[in-house]
Amino acid sequence: MDVHRNMTGITQEALREAHNADLAIQSEEKVDFKSAWADPESGLVYCLSEAPSADAVRRIHERAGHPADEVHPVPIKV
């Protein structure tokens with residue numbers, strides 16, 4: 001799970017464009033972005049993905065033009 005801050009005012013369209021930019025290159029790092037959620041008022045965006053490492057997620061987001069402020073590995077799933 002990763003977090004982007006300072007995206008106040010983000011629209012659904014802008015979130016979709018950012019997510020699609022990730023999807024376009026995700027295979028290069030073996031990342032699989034699942035979903036993205038945004039709160040335009042707080043400027044917070046959350047992305048859920050499966051990836052070989054937090055660094056792989058960071059690299060995709062950076063290359064897509066929206067670096068993550070935080071990446072939180074969550075290795076336990078039920």
Side-chain angles (χ1 to χ4, degrees):
M1 177 72 73
D2 63 77
V3 181
H4 304 260
R5 301 186 182 282
N6 302 314
M7 297 186 82
T8 305
I10 190 167
T11 63
Q12 185 175 17
E13 183 178 309
L15 180 63
R16 186 179 327 278
E17 288 175 12
H19 185 64
N20 286 340
D22 293 327
L23 295 178
I25 59 173
Q26 69 181 1
S27 65
E28 296 172 23
E29 293 279 352
K30 297 185 175 128
V31 176
D32 182 12
F33 285 97
K34 304 290 188 181
S35 295
W37 299 267
D39 177 4
E41 288 186 32
S42 69
L44 289 171
V45 172
Y46 299 93
C47 299
L48 178 65
S49 63
E50 289 188 36
S53 68
D55 286 336
V57 173
R58 283 187 187 94
R59 286 190 295 267
I60 292 296
H61 277 321
E62 286 174 10
R63 290 179 49 213
H66 44 269
D69 293 296
E70 302 169 27
V71 178
H72 302 277
V74 283
I76 297 174
K77 178 180 174 179
V78 295

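For clarity, every value in this text was computed on a predicted model and none was experimentally measured.
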field: Worked check of side chain to side chain contact (heavy atoms under 4.5 Å, CB included) between Leu44 and Arg5
entry: CA-CA 5 Å; Leu44 289 171; Arg5 301 186 182 282; 3.2 Å; yes
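In terms of heavy-atom proximity, Pro40 sits nearest to Ala38 at CD-O, 3.7 Å. Between Met7 and Val45, the shortest heavy-atom distance links the atoms SD-CG2, 3.6 Å.
Note on Leu48 and Val3: same hydrophobic cluster, where clusters join Ile, Leu, Val, Met, Phe, Trp and Tyr whose side-chain heavy atoms are under 4.5 Å apart, directly or indirectly. One hydrophobic cluster holds both Phe33 and Val71 under the rule that ILVMFWY side chains link at heavy-atom gaps under 4.5 Å. Under a hydrophobic-cluster definition in which Ile, Leu, Val, Met, Phe, Trp and Tyr are linked whenever side-chain heavy atoms come within less than 4.5 Å, directly or via other members, Leu23 and Ile25 are assigned to the same cluster.
Looking at heavy atoms from C-beta onward, Asp2 lies out of side-chain contact with His72 at the 4.5 angstrom threshold. No side-chain heavy atom of Arg59 sits under 4.5 Å from any side-chain heavy atom of Val31.
Applying the ring pair (Phe, Tyr, Trp, His ring centres under 6.0 Å) rule to His19 yields no partners; only residues at least two apart in sequence or on another chain are considered. Taking Arg16 as the reference, nothing meets the side chain to side chain donor-acceptor pair (under 3.5 Å) condition, with sequence neighbours excluded. With sequence neighbours excluded, no residue satisfies salt bridge (charged side-chain N to carboxylate O under 4.0 Å, His left out) with Glu17.
Atom CG of Asp22 and atom OG of Ser49 lie 9.0 Å apart (nearest 0.5 Å). To the nearest 0.5 angstrom, Leu15 atom CG is 11.5 Å from Asp39 atom CG.
In this pair, His61 and His4 present their aromatic rings perpendicular. The plane angle is above 60°, beyond the 30 to 60° band.
Looking at Glu29, its side chain never comes within 3.5 Å of a backbone N or O of Ile60 through a donor-acceptor pair.
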